[in-house]
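Since the structure comes first, as structure tokens, the remarks are kept for the end.
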Amino acid sequence: MSSSSGQPQFRYTQTPSKVLHLRNLPWECTEEELIELGKPFGKIVNTKCNVGANRNQAFVEFVDLNQAISMISYYASSSEPAQVRGKTVYIQYSNRQEIVNNKTSGEVVGNVLLVTIEGVEAGDVSIDVIHLVFSAFGFVHKIATFEKTAGFQALIQYTDVATAAEARNALDGRSIPRYLLPEHVETCHLRITFSAHTDLNIKFQSHRSRDYTNPYLPVNPSAIEGTIQPVLGPDGKVKEPESNVLLASIENMQYAVTVDVLHTVFAAFGTVQKIAIFEKNGGTQALIQYPDVTTATVAKEALEGHCIYDGGYCKLHLSYSRHTDLNVKAYSDKSRDYTIPDAGILATSHAPNASSSLLSNPLAAGVAMQQPIPNGQMPTWDPSKANYASASRTFPSQSFIPTTVAPYQTSGALPTSSAGYLQAPQQTPQYGMHPRPSGGAPFADQPPRYF
DNA sequence: AGCACA
């Protein structure tokens, strides 16, 4: 900002600087190692490690320009190159005059650490392992984990900055011990920065978040399994815990699969609360949130491997998501939050003709439409009265054969016949009024809609 | 192996 010579400096015309730019460092190079390297030439007042795409560059700043010059000139004429742990380090003047945005000059330190766990899936590192590792430095108040584009991340809250800083210094760039990780994880480096948070707001004890200061905090019912160690299957692999949120991968997507289409498909098994569609390594995936695990399980069992459209198009592969509550835009082309009334109104307003759309066309909507309920409420679906024969007619060939539904019908676990697992308790009218599916796609084999 | 996410 203050450098008035704004032009980029070229290789051999660099002006000396107190700041030196180091390249080709070992990946885990620490500040201590940089200080060690520069100490013979003067006093290092600031460093910045793990810079660059490969995180193998760094900057060191001397108190005095002459010290930087002496280091550069020493290695310019030395037969031994500068080394860190046996790796040759290339040193030159930085094109900046001071290191900015590091701890001694303005890095925001805090009692909460942001930890990125590289090279792992969220399920590979349990919150208990994280807790174990970070407890070595002091009492861990709270942990929240989440998945962002950066990868699997955790926020770790300590009592104070000092403890957090100690943990960061000790663990940044290090790995979680192998024996704490599943077999298939090869490496798992921790990247640690200070978070801007000072006090995390943990709503539930779950496999994603913990508040160790409040043992009375409710346990998220949909995450009880995850609060213990990860469940290991017979093959020793981490078994995915059940969830009220399904992850759908859509294979052979010849037709556009919109939020509305997904809603149509998944609402057949219960209230869909939220939907999010996104791209992941070339394919399309979606998250579908139900109010409870049971509904999700029923939908998963019923829909797994089936196609949204006849002819093998848009084949669904379902698994349980690690999410329990999606944070989605209430109304966008890639997401919908049906729990927000405004969004529902919005949605319907986008389809003013919903009542005359494909969905209310008996042919398209299937024969599973029920009689209107006098009080105008959305009827619930009574599995014992459901007409499977007609339902299956709406599922030609391999699409949504509801055979897997039958066991639930007779299951003794059903609380009452009228409040069965498969009811669609869509109490609020606008949620039941779904915009028509996007045109163009064949919708003759649309799943049944029980309202 | 070539300059920092503000």
Side-chain angles (χ1 to χ4, degrees), chain A residues 1-38 41-65 67-110 112-118 146-155 164-165 168-169 171-173 189-197:
Chain A
M1 191 194 286
S2 58
S3 74
S4 47
S5 59
Q7 276 133 9
Q9 302 287 335
F10 292 102
R11 270 177 221 200
Y12 305 112
T13 61
Q14 284 174 315
T15 52
S17 165
K18 291 185 301 194
V19 183
L20 300 182
H21 177 218
L22 316 194
R23 287 142 30 210
N24 200 36
L25 291 160
W27 193 86
E28 290 185 66
C29 182
T30 62
E31 175 181 33
E32 286 70 29
E33 288 169 309
L34 297 180
I35 294 173
E36 201 61 36
L37 187 68
F41 307 95
K43 182 163 195 264
I44 290 175
V45 292
N46 202 355
T47 64
K48 190 169 179 66
C49 323
N50 305 121
V51 165
N54 296 325
R55 297 185 166 276
N56 58 1
Q57 299 174 40
F59 297 93
V60 296
E61 179 178 338
F62 287 95
V63 260
D64 182 52
L65 174 65
Q67 299 172 354
I69 293 175
S70 74
M71 185 167 181
I72 289 289
S73 25
Y74 174 82
Y75 284 113
S77 58
S78 166
S79 52
E80 288 293 308
Q83 290 184 196
V84 170
R85 269 186 259 160
K87 257 196 114 182
T88 296
V89 177
Y90 302 88
I91 309 175
Q92 62 188 155
Y93 296 115
S94 171
N95 52 26
R96 299 195 200 176
Q97 290 305 118
E98 57 182 17
I99 291 179
V100 293
N101 195 28
N102 205 333
K103 24 191 188 325
T104 52
S105 60
E107 179 180 14
V108 240
V109 300
V112 177
L113 297 178
L114 171 63
V115 180
T116 303
I117 306 175
E118 300 180 332
F146 46 92
E147 275 184 288
K148 282 284 171 63
T149 42
F152 183 43
Q153 294 190 311
L155 289 163
R168 191 194 90 130
N169 290 339
L171 294 177
D172 190 21
H189 288 113
L190 301 174
R191 205 78 264 162
I192 305 178
T193 59
F194 289 102
S195 161
H197 291 92

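Quick caveat, the model's predicted, so the values are computed rather than measured. Letters A, B, ... are given to chains in the order of the sequence lines, protein chains preceding strands, and every chain is numbered from 1.
Side-chain contact annotation: A:His189 with A:Glu118, donor-acceptor N/O pair under 3.5 Å absent.
Of the side-chain N and O atoms in A:Gln57, one or more sit less than 4.0 angstrom from OP1 or OP2 of B:dG2. A sub-4.0 Å separation between OP1 or OP2 of B:dA4 and a side-chain N or O of A:Arg96 is present.
Remark: P of B:dG2 and CG of A:Leu22 are 13 Å apart, rounded to the nearest angstrom. Across the protein-nucleic acid pair, A:Ile91 atom CD1 and B:dA1 atom P stand 15 Å apart, rounded to whole Å. Atom CG in A:Leu25 sits roughly 13 Å away from atom P in B:dC3 (whole-Å rounding). The CD-C1' distance, from A:Glu61 to B:dC3, rounds to 14 Å in whole Å. Rounded to an integer number of Å, the gap from CD of A:Gln14 to P of B:dG2 is 14 Å. Atom P of nucleotide B:dC3 and atom CZ of A:Arg55 are separated by 16 Å, given to the nearest angstrom. Rounded to an integer number of Å, the gap from A:Arg23 CZ to B:dA1 P is 9 Å. A:Asn50 has its CG atom 16 Å from the P atom of B:dC3, to the nearest Å.
The salt bridge (charged side-chain N to carboxylate O under 4.0 Å, His left out) check on A:Arg191 picks up A:Asp172, with sequence neighbours excluded. For A:Lys43, there are no side-chain hydrogen bond (donor to acceptor under 3.5 Å, both in side chains) partners two or more places apart in sequence or in a different chain. With sequence neighbours left out, A:Glu147 forms a salt bridge (charged side-chain N to carboxylate O under 4.0 Å, His left out) with no residue at all. Not counting sequence neighbours, the partners of A:Glu33 by the side-chain hydrogen bond (donor to acceptor under 3.5 Å, both in side chains) test are A:Thr30, A:Arg85. Shown here are the ring-ring contact (aromatic ring centres under 6.0 Å, His included) partners of A:Tyr74, two or more places apart in sequence or in another chain: A:Phe41.
A:Val89 is not listed as a side-chain neighbour of A:Asn24, based on a closest heavy-atom distance of 4.5 Å or more.
If you check residues 76-87 of chain A against DNA chain B, you find no residue with a heavy atom closer than 4.0 Å.
The stacking criteria are not both satisfied for A:Tyr90 over the base of B:dG2, which would need a centre-to-centre distance under 5.5 angstrom and an angle between ring planes under 30 degrees.
Checked against B:dA4, B:dG2, B:dA1, the side chain of A:Gln92 finds its nearest nucleotide in B:dG2.
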